[in-house]
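Since the structure comes first, as structure tokens, the remarks are kept for the end.
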Amino acid sequence: MLIKPSTALRNEYNSISELCKEKSEPVFLTKNGEGDLVLMSIEAYQYREEMLDLREKLLSAEAGRLSGAKTYTIAEVSERLRGLIDGNL
């Protein structure tokens with residue numbers, strides 16, 4: 001966990017920016033010894049958002065499966081994809 005005082009943001013912006021990008025981890029900023037902000041690179045933020053979106057979709061699919069939604073075997077999906085590729089569907 002990378003922790004810096006909030007004054008470091010003003011005084012060391014460039015090095016904190018590089019640290020966020022190099023480590024691909026958030027930097028936690030404190031104010032008066034207490035947690036205040038979290039700073040991360042745009043790439044790390046976008047990756048995190050994509051993973052959260054994927055997790056939400058997987059949880060939704062699993063909830064559907066558990067509630068009785070139709071599921072398909074790997075063989076059924078493969079057959080359907082082959083049909084689509086070959087133009088048979």
Side-chain angles (χ1 to χ4, degrees):
M1 183 181 284
L2 305 169
I3 302 173
K4 297 277 186 182
S6 60
T7 56
L9 186 58
R10 181 173 11 119
N11 300 330
E12 305 169 30
Y13 178 84
N14 289 334
S15 65
I16 290 175
S17 175
E18 286 302 314
L19 185 62
C20 287
K21 292 172 185 172
E22 286 173 14
K23 300 288 185 180
S24 295
E25 293 179 18
V27 173
F28 297 85
L29 299 178
T30 62
K31 184 175 183 180
N32 299 323
E34 299 287 328
D36 189 41
L37 297 171
V38 177
L39 193 66
M40 64 176 61
S41 69
I42 290 174
E43 291 81 13
Y45 175 78
Q46 288 172 333
Y47 177 79
R48 184 178 189 282
E49 289 298 305
E50 289 169 3
M51 290 300 103
L52 288 172
D53 184 50
L54 177 59
R55 183 175 188 266
E56 185 178 327
K57 289 176 182 175
L58 290 171
L59 287 172
S60 177
E62 180 64 3
R65 185 189 69 81
L66 291 174
S67 67
K70 179 157 176 44
T71 59
Y72 301 91
T73 66
I74 293 174
E76 290 171 327
V77 172
S78 294
E79 183 179 330
R80 173 87 173 146
L81 288 173
R82 267 190 235 103
L84 289 170
I85 291 169
D86 295 340
N88 298 332
L89 298 177

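Everything numeric in this text was worked out from a predicted model, so none of it was measured. These numbers come from the heavy atoms of this one structure, side chains and all, not from hydrogens, waters or symmetry mates.
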More than 12 heavy atoms of other residues, nucleotides or ligands under 6.0 Å from [atom1] of [X]: is that the case?
X: Glu76; atom1: CD; value: yes
X: Ile74; atom1: CD1; value: no
X: Glu49; atom1: CD; value: yes

Between [X] and [Y], is there shared hydrophobic-cluster membership here, with clusters defined by ILVMFWY side-chain heavy atoms closer than 4.5 Å?
X: Ile16; Y: Tyr45; answer: no
X: Met40; Y: Tyr13; answer: no
X: Leu19; Y: Phe28; answer: no

Report yes if the side chains of Leu59 and Arg55 come closer than 4.5 Å at any heavy-atom pair, otherwise no.
-> yes

Given side chains that start at C-beta, do those of Lys4 and Leu39 come closer than 4.5 Å, heavy atoms only?
-> no

Side chain of Thr30, backbone of Gly35: donor and acceptor closer than 3.5 Å?
-> no

Interatomic distance, Arg82 atom CZ to Asn88 atom CG [nearest 0.5 angstrom] = 11.5 Å

About how many Å separate OG of Ser41 and CZ of Arg48, when rounded to the nearest 0.5 Å?
-> 12.5 Å

The side chain to side chain contact (heavy atoms under 4.5 Å, CB included) partners of Glu62 (sequence neighbours excluded) come to Arg65, Leu66

Which residue, Ile3, Leu9, Thr7, forms the side chain to side chain contact (heavy atoms under 4.5 Å, CB included) with Pro5?
-> Thr7

Name all residues meeting the side chain to side chain donor-acceptor pair (under 3.5 Å) criterion together with Asn11; count only those two or more places apart in sequence or in a different chain, and write none if there are none.
-> none

For Lys57, the side chain to side chain donor-acceptor pair (under 3.5 Å) test, sequence neighbours excluded, returns Asp53

Heavy-atom pair with the smallest gap, counting every atom of Gly64 and Ser67 | O-OG, 3.0 Å

